[in-house]
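Structure first, then comments.
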Amino acid sequence: MISTRSYKTWKTRNGYTITRVISGRSNVYLFSNGVMNFLVDTSVVRLWKKLERRLEFLDVRHIDYLILTHSHYDHTANARKIRDKYKTKIIAHKHEESCLATGEMEIPMGTTLITRFLVKLLAKRLAPLFRFETSACDLPMDETFDLQQFGINTYIMHTPGHTSGSVSVIVDNEVAIVGDAMFGVFRGSVFPPYADDVEQMVKSWGKLLETGCGVFLPSHGSANSRKLVERNYHRRIRNFVKSDMTLSSDESN
Ligand SMILES: [Zn+2]
Ligand SMILES: [Zn+2]
């Protein structure tokens, strides 16, 4: 039996509902304006049955679009199954398209001493475990993909850094679904343990703050408040602003 307590939901001013369908290993969110349903990410392959059951329990009969925040296996593993079962169109950034087509993800870099060491030590050996069922990308996007075309005040925005094609979904200018651009696992920190380009990722936090959203829903862990994201952003952006300034003064010499 599925307790209704399993489903955390958020409601925006235009009455859109965001439901966390799966939590724990990797979150899966469903957002709906009551007419169209959008799924964000799909979690890992061993949770497919659970995802199916929960979508049934929520009486989801159609999924119009599946948005993939990026092409790591813990987000994309069930994309093909969703596409086949619901005749869903997949939206992902164009930089992630080739990984979806091959079912092979690029192992991200570690961002801490421990994760850097782990990636160095284990990445090659574990790579086969990270393969996933291949899937088409029906709508490859670039900088933004606007759902205004469906009469929905929501857009998908390129927020690179964790991977080069990471995207976030900005629902009603209130709630951002951010994939792995942030984590919600560590107390006081939104910093993910893995990212291809930390500077780009922190700059993407700045872009996400500019949307005016008050809540940031990560793929791992629980919701991050705006205050927490602001604190993390201001603490980390200093390092990169400094290096930008050094660069421009070097150039002027
Ligand atoms: Zn990831
Ligand atoms: Zn992830």
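Both counts, for ligands and for their atoms, begin at 1 and track the order of listing.
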Metal environment of the Zn ion (ligand 1), protein N/O/S under 2.8 Å =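 Counting only protein N, O or S atoms under 2.8 Å from the Zn ion (ligand 1), the list reads H70 NE2, H72 ND1, H162 NE2, D180 OD2.
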Does any pair with a residue in residues 171-195 pass salt bridge (charged side-chain N to carboxylate O under 4.0 Å, His left out), and if so which ones, sequence neighbours excluded?
->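 Every salt bridge (charged side-chain N to carboxylate O under 4.0 Å, His left out) pair that includes a residue of residues 171-195, provided the two are not neighbours, is R13-E174.
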Sequence neighbours left out, what pairs pass salt bridge (charged side-chain N to carboxylate O under 4.0 Å, His left out) with at least one residue falling in residues 95-108?
->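 Of all non-adjacent pairs touching residues 95-108, those that pass salt bridge (charged side-chain N to carboxylate O under 4.0 Å, His left out) are E104-R131.
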Side-chain donor-acceptor contacts of residues 189-197 below 3.5 Å, not counting sequence neighbours, with atom names and distances?
| residue | atom | partner | partner atom | Å |
| --- | --- | --- | --- | --- |
| S189 | OG | F191 | N | 3.1 |
| D197 | OD1 | E199 | N | 3.2 |
| D197 | OD1 | Q200 | N | 3.0 |

Mind checking whether Y29 and F38 have ring centres under 6.0 Å apart?
->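 So the answer is no for these two rings.
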Aromatic ring pairing F183/F186, orientation class (parallel under 30°, perpendicular over 60°, tilted between) =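 Rings of F183 and F186: parallel, under 30°.
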On the 0 to 90° scale, with breaks at 30° and 60°, tag the Y65-F145 ring pair as parallel, tilted or perpendicular.
->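 The arrangement is tilted - the two ring planes meet at 30° to 60°.
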